[in-house]
Amino acid sequence: MDFDPTEDQRLLGDSVARLLASEYSFEQRKSLLGTPTGWSERLWSHYAELGLLGLPISEEHGGFGGGPVDVMLLMQAFGRHLVLEPYLATVVLGGTALRLAGNAAQQGEVLPAIAEGSLKLAFAHGERQARYDLSDVRTTATRRGDGFVLEGAKSVVLHGDCADRLVVSARTAGREDEPEGISLFLVDAAAPGVARRGYALRDGTRAAEISLSGVALPREALLGPPDAGLPIVERVVEAGIAATAAEVIGAMEAMQAMTLDYLKTRQQFGRPIGDNQALQHRAAEMLVALEQGRSMAMLATMSLEEEDAAERARAVSMAKVGVGQAGRFVSQNAVQLHGGIGMTEEYAVGHFFRRVMVIEHLFGDTATHLDRLADQVA
């Protein structure tokens, strides 16, 4: 299989690299963290102008018509700079839900608005009691007339505090943890009965707790067939895992480069600490882990187009485990090899460490996916 980027992908990568190099230094990122939103509306507009927001959206809806590999390359670039904008929430998670489940009218309304940067989405599925069980949904959607009424709450909704629309999962039939009976709805974030409490995660990215109390929805708010939303949720989560796996690769590349530079320049007893053979071995092990993680991230990306759901789930879980283990190893060693400076807020490596650790716990942590793989073998 040929993994070399196409000419269009190279041009896109060069454009993104130039933009982030000029607009996303570590100091510029720290300034963004101090703003009320925690990210830049101006850069969001730049992403739209470059076509990044429409990257996986079809040309008929104003997008670039790219595929999973294009998103992977972009997320790697974002990972190298710890990008804060709601790309994962809007384009990858929300956009995937609309592309898979939206009807022609819904797609025609929402996807072009995403591509032009005028609409942000959030994927509101997780609940407090569910942990990583995608079928555990307590939020209900009760039929009333021609529409529905939502009742419930969603937890750790990525960039849910700034989203204009929410893709909300709710139970329209069955018990709390049954796979059947889950439906998806497109909800106006400013609708009566929707309450949001935004906060920063440990890595500085934004999330929200969302309460839904008597939220009246028209029938047209339903995304996809009723009672059959779980397969769509699974596909959205798989897309999220592949995208964040690529982001971790970018973060590991940055940490590897920073660590090598530090080993070459930090002097101890009149010589660079990188002359120490034990530290050279540690740096080599970091590189090996990075390349192993890169292979697993590619596996996740390539698996998104696998038609067999069981095979796709297996490959994505394998990638989640492999990238999680590699990310933890590289991050921990990067901090350790930097010594005390690696633990300070003023130095970038600790911020990369926190981002990688947050990603490890998104969409199921390493232990959860190991359990899933063990269940498949059994």
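Salt bridge absent: E345 and K30 never bring a charged side-chain N and a carboxylate O closer than 4.0 Å. Salt bridge R355/E247: present, at least one basic N to carboxylate O contact under 4.0 Å.
The side-chain hydrogen bond (donor to acceptor under 3.5 Å, both in side chains) search around S183 returns T172, not counting sequence neighbours. Residues satisfying the side-chain hydrogen bond (donor to acceptor under 3.5 Å, both in side chains) criterion with E176, sequence neighbours excluded, are R138. Partners of D133 according to the side-chain hydrogen bond (donor to acceptor under 3.5 Å, both in side chains) rule, which considers only residues two or more places apart in sequence or in another chain, are S135. For E151, the side-chain hydrogen bond (donor to acceptor under 3.5 Å, both in side chains) criterion is met by no residue, not counting sequence neighbours.
Between the side chain of T344 and the main chain of I341, a donor-acceptor pair closer than 3.5 Å is present. A side-chain donor-acceptor contact under 3.5 Å links Q106 to the backbone of E220. Side-chain atoms of R312 come within 3.5 Å of backbone N or O of E306 as a donor-acceptor pair. Remark: side-chain polar atoms of H125 are paired, donor with acceptor, to backbone N or O of L134 under 3.5 angstrom. Checked by atom type and distance alone, the side chain of S295 pairs as donor or acceptor with a backbone atom of E291 at under 3.5 Å. Checking side-chain atoms of R171 against main-chain N and O of R175 turns up a donor-acceptor pair under 3.5 Å.
Within the structure, the ring-ring contact (aromatic ring centres under 6.0 Å, His included) test picks out the following pairs touching residues 61-92 (sequence neighbours left out): Y47-F78, F78-Y87. The stretch residues 182-201 participates, sequence neighbours left out, in these ring-ring contact (aromatic ring centres under 6.0 Å, His included) pairs: F148-F185.
Taking CD of E253 as the start and CG of L290 as the end, the distance is 6.0 Å to the nearest 0.5 Å. The distance from the OG1 atom of T244 to the CD1 atom of I359 is 5.5 Å, given to the nearest 0.5 Å. Between atom CD of residue E178 and atom CD of residue E180 there is a gap of 6.5 Å, rounded to the nearest 0.5 Å. Atom OG in S58 sits 7.5 Å away from atom CD in Q107 (nearest 0.5 Å). To the nearest 0.5 Å, atom CG of residue D375 and atom CG of residue L370 are 11.0 Å apart. Remark: I249 CD1 to M298 CE distance equals 8.5 Å, nearest 0.5 Å.
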| side chain to side chain contact (heavy atoms under 4.5 Å, CB included) evaluation trace for T96 with R99 | CA-CA 5 Å; T96 297; R99 293 198 310 276; 3.2 Å; yes
| message | Walk me through whether L19 and L43 qualify under side chain to side chain contact (heavy atoms under 4.5 Å, CB included). | response | CA-CA 9 Å; L19 174 64; L43 283 173; 4.2 Å; yes
| request: Give the intermediate values and the outcome of side chain to side chain contact (heavy atoms under 4.5 Å, CB included) for residues F353 and H338. | output: CA-CA 12 Å; F353 174 87; H338 276 86; over 6 Å; no
| request: Apply salt bridge (charged side-chain N to carboxylate O under 4.0 Å, His left out) to the pair R131 and D365, showing each step before the final yes or no. | output: CA-CA 10 Å; R131 191 163 170 77; D365 59 17; 3.3 Å; yes
| field | Evaluation steps, side-chain hydrogen bond (donor to acceptor under 3.5 Å, both in side chains), between Q325 and T366 | value | CA-CA 7 Å; Q325 291 173 337; T366 300; over 6 Å; no
| task | Applying side chain to side chain contact (heavy atoms under 4.5 Å, CB included), run through Y132 and H369 and close with a yes or a no. | result | CA-CA 10 Å; Y132 299 128; H369 284 274; over 6 Å; no
| said: Applying salt bridge (charged side-chain N to carboxylate O under 4.0 Å, His left out) to K120 and E85, what does each step give before you reach the verdict? | reply: CA-CA 11 Å; K120 295 178 287 296; E85 282 69 45; over 6 Å; no
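Counting only heavy atoms from C-beta outward, the side chains of V167 and V236 never approach each other to under 4.5 Å. Contact annotation: the side chain of I114 approaches that of L121 to within less than 4.5 Å [non-hydrogen atoms, C-beta and beyond]. Put simply, the side chain of L12 does not reach to within 4.5 Å of the side chain of L74, judged on heavy atoms. In this structure, R80 and L20 have side chains that are not in contact, with every pair of non-hydrogen atoms separated by 4.5 Å or more. At least one side-chain heavy atom of L201 sits under 4.5 Å from a side-chain heavy atom of L158. Side chains of L33 and L84 form a contact here, defined as non-hydrogen atoms less than 4.5 Å apart. You'll find the side chain of R196 stays beyond 4.5 Å of the side chain of D161, heavy atoms only. Looking at heavy atoms from C-beta onward, E360 lies in side-chain contact with M357 at the 4.5 angstrom threshold.
Donor-acceptor pairing under 3.5 Å is recorded for the side chains of S169 and K154. For Q28 and S25, the side-chain atoms include at least one donor-acceptor pair closer than 3.5 Å. Judged by distance alone, the side chains of S155 and E209 do bring a donor and an acceptor atom under 3.5 Å apart. Side chains of T6 and D8: no donor on one and acceptor on the other come within 3.5 Å. Using a 3.5 Å distance cut-off with no hydrogens or angles, the side chains of E116 and S118 do pair a donor with an acceptor.
Nearest approach of V316 to S303, heavy atoms of both residues: CG2-CB, 4.4 Å. M255 and S331 get closest at one heavy-atom pair: CE-OG, 3.2 Å. The two atoms that bring D188 and R165 nearest to each other are CA-CD, 4.0 Å, heavy atoms only. Here the closest non-hydrogen pair linking A348 and M258 is CB-CE, 3.7 Å. Residues A189 and A163 share a closest heavy-atom pair of CB-O, 3.2 Å. Across every non-hydrogen atom of A246 and A297, the tightest pair is N-CB, 4.3 Å.
No more than 12 heavy atoms of other residues, nucleotides or ligands shown are found within 6.0 angstrom of CZ on R314. Other residues, nucleotides and ligands contribute only 12 or fewer heavy atoms inside 6.0 Å of the CZ atom of R144.
V321 and V288 are members of different hydrophobic clusters when ILVMFWY side chains are connected at heavy-atom separations under 4.5 Å. By the criterion of side-chain heavy atoms lying less than 4.5 angstrom apart, applied directly or through intervening Ile, Leu, Val, Met, Phe, Trp or Tyr residues, V330 is grouped together with L263 in one hydrophobic cluster. With hydrophobic clusters built from ILVMFWY side chains whose heavy atoms lie under 4.5 angstrom apart, L100 shares a cluster with V137. Put simply, L304 and V69 are part of two different groups of oily side chains (I, L, V, M, F, W, Y) that touch within less than 4.5 Å, one to the next. Clustering ILVMFWY residues whenever any of their side-chain heavy atoms sit less than 4.5 angstrom apart, transitively, puts V215 in a cluster other than the one holding I182.
A perpendicular orientation is assigned to the rings of H351 and F26, their planes being inclined by more than 60° (bins at 30° and 60°).
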